[in-house]
Amino acid sequence: MLGSALWAFVISGMSGLAQSILEDRERYRMLKYLYVSPSDFIVVLLGRGVARIGVGAMGALITLIVGIVVLGIRFDIGAVDWPLLVLVMIGGLASIVAFGIVMAAVCMQTRQEAWSYPEAAAGALFLIVGAVFPLSVLPAAAQVLGLLNPLTWWLGGARQALFPGGQTSIGGPGSLFAEVFGHDRPTSGEIIVALLLTGALVTLASSLIFRVSDRRAKEQGLIDRTTGT
Amino acid sequence: MAETSLYVHRATRSPAEAANWDRRQVILNNLRSVAGRAYPRVRGISREKSWLAFEILLPFLSTSAFVFVYRALKAPPEYIGFVVLGGAMTAFWLNVVWMMAAQLYWDKDQGNLELFFAAPMDVMSVLFGMAIGGLVMSSTRAAAVLLIATVLYGVQFAVSQWFLLLLVFFLTLSALYGMGMALSSLFLMWGREAWHLTQLMVEPVYFISGLNFPVGRLGMIGALAIATIPLAVGLDAMRQLAFATGPGPTGTPPPAVEALILVVMTVVFIWVARLMLRSLERRARQEGRLSARGR
């Protein structure tokens, strides 16, 4: 339930940034004007991304409330580990924006049919981050990819903060995490360190990818290109 | 020498008489319209490579997620088969929602709708053409998802009645596309909200149709879905027939009864589509507003 609810952030964050490129370029045909405005283009994009994340937050909140009120999920607000929750949410949302920037960079290079790319990328990530099932059911190679992904640690941390002592999506018997680290479930400290490390990697990579895409878009004249009706 | 064609196949004494088409001309003209509208969808099966990849990849990814959920829960293996079958059928549902229901609205936006109404044909031919083309297009996607997921996740089917299974499958498609035909007029009337409506008709319908679990588990909601949504009733019947040794009765009607429900749905949806299209056509001619863009 929590994984599905929080996934609303990923969907809206990733597709929001990418679709803002496609909408502004192909539909409203104003990307070129945004581009030549005095603001830094990536800051404009980030602004739109944050707004979309706000929309995702509403979806996540509604899902959680329905889960608790209608489906009867046991939730003790007094037991919530607030410091951990705040830290993992900040790290997680920053990572989502970084993934969104990567998708925006990809969509800048592609045609208007690219609207489904973010959805596909989010769908692929959904499989390896332990959103709705523990990583331990995946093959070892997929578990490695999952452990290198900040979204895995974000979801695991949020789960641990909201439902302390509940089942972990990262560790568990037979998981790669348990084999490597020698204990069944990650501690709060391990989660924060892993989230910061993997998040920093993804953020750096996204910044690099965006710069390369931006330069190529300028050289190839992709900023004001329209490819459909 | 007199030329014979669909349009000039009999000698007439005046242009007015030539314009008065006989039944043969009307039927042939409409059949050509069906073929003409189906053509781009059939030809387009592999033309846009990225669509081909994503239309297979997206249902496959969501199917895989549920397969892993059931594996984590140690559910009976039939449930993985349920998910795979449901994943394959999403290709048809997505096609019905995006390329049938919302299509006339997009045609209006692109300026085609006024041509459809002005052309000397029954607009139902356009809807039938869309349905046939979409059906062929989606079949390739559904077959790919079914094949890949079956092999990858080791699904074992236990079919008891092949004939009934095939019959239910084709009835499901006819009811689904009949529904799409009826929805296309509705979406056209609702105008710019069409995009949001298509969104609304994906995940919620997946849930109440029991795409990834037996619909009977939803109780009253499941019963309502079986009575109104072709995807729900078709999937349930196909699951009962394709996994005959699967989990016991789920409280839904037997496949033969569900096949009858699908027949009724097909007839009703196509009749409603025809009725709504007639009404739209009349409004388009009387008010001249239907083809105005941005509504």
Side-chain angles (χ1 to χ4, degrees), chain A residues 1 3-5 7-8 10-12 15 18-19 22-23 26-27 55 59 62-63 66 70-71 106-107 109-139 142-143 146 167-170 172-175 227-229, chain B residues 44 47-75 79-80 83 87 90-91 94 98 103 105-112 141 145 149 152-153 192 195-196 198-200 202-204 206-207 212-213 217-218 221 293-294:
Chain A
M1 185 72 190
S4 300
W7 204 248
V10 182
I11 296 282
S12 49
S15 58
Q19 283 177 359
L22 294 174
E23 278 180 355
E26 307 281 345
R27 191 173 176 196
V55 174
I62 291 168
T63 311
V66 169
V70 180
L71 302 178
V106 170
C107 287
Q109 305 298 319
T110 51
R111 294 181 294 165
Q112 74 157 3
E113 281 81 16
W115 59 267
S116 54
Y117 290 11
E119 209 181 323
L125 287 176
F126 189 72
L127 284 182
I128 56 163
V129 298
V132 289
F133 52 83
L135 288 187
S136 56
V137 298
L138 291 172
Q143 287 190 56
Q167 198 184 352
T168 173
S169 55
I170 298 169
S175 65
T227 53
T229 50
Chain B
R47 187 162 284 184
E48 178 55 57
K49 299 286 188 291
S50 71
W51 282 18
L52 182 67
F54 283 100
E55 282 169 12
I56 294 170
L57 183 71
L58 285 176
F60 176 72
L61 287 176
S62 53
T63 302
S64 301
F66 275 95
V67 167
F68 285 119
V69 168
Y70 281 135
R71 280 190 180 171
L73 294 173
K74 298 187 172 51
Y79 276 72
I80 291 172
V83 170
T90 54
L94 288 176
W98 286 101
Q103 186 65 46
Y105 172 72
W106 286 331
D107 279 330
K108 179 174 92 166
D109 232 25
Q110 292 169 347
N112 290 335
R141 276 65 165 156
V145 173
L152 205 62
Y153 300 124
R192 283 190 294 190
W195 196 83
H196 297 290
T198 47
Q199 294 277 328
L200 192 69
V202 179
E203 289 296 336
Y206 284 175
F207 172 64
N212 298 304
F213 55 87
R217 303 279 181 226
L218 287 176
I221 297 174
R293 295 190 201 184

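Lettering of chains follows the sequences in order, A, B, ..., and the numbering in each one begins at 1.
Taking the side-chain contact (heavy atoms from CB on, under 4.5 Å) definition, one finds that A:Val66 meets it with A:Ile62, A:Val70, sequence neighbours left out.
In this structure, B:Tyr70 places its OH atom where more than 12 heavy-atom neighbours from other residues, nucleotides or ligands lie under 6.0 Å away. Annotation for A:Gln167: atom CD does not count as buried by contact number, only 12 or fewer foreign heavy atoms lying within 6.0 Å. Under a cut-off of 6.0 angstrom, the local environment of CD1 in B:Ile221 is sparse, with at most 12 non-hydrogen atoms contributed by other residues, nucleotides or ligands.
For the atom pair CG (A:Leu138) and OG (B:Ser64), the distance works out to 10.0 Å, reported to the nearest 0.5 Å. Going from atom CG of A:Leu127 over to atom CZ of B:Phe60 covers 8.0 Å, rounded to the nearest 0.5 Å.
Residues B:Ala72 and A:Phe133 share a closest heavy-atom pair of CB-CB, 4.0 Å.
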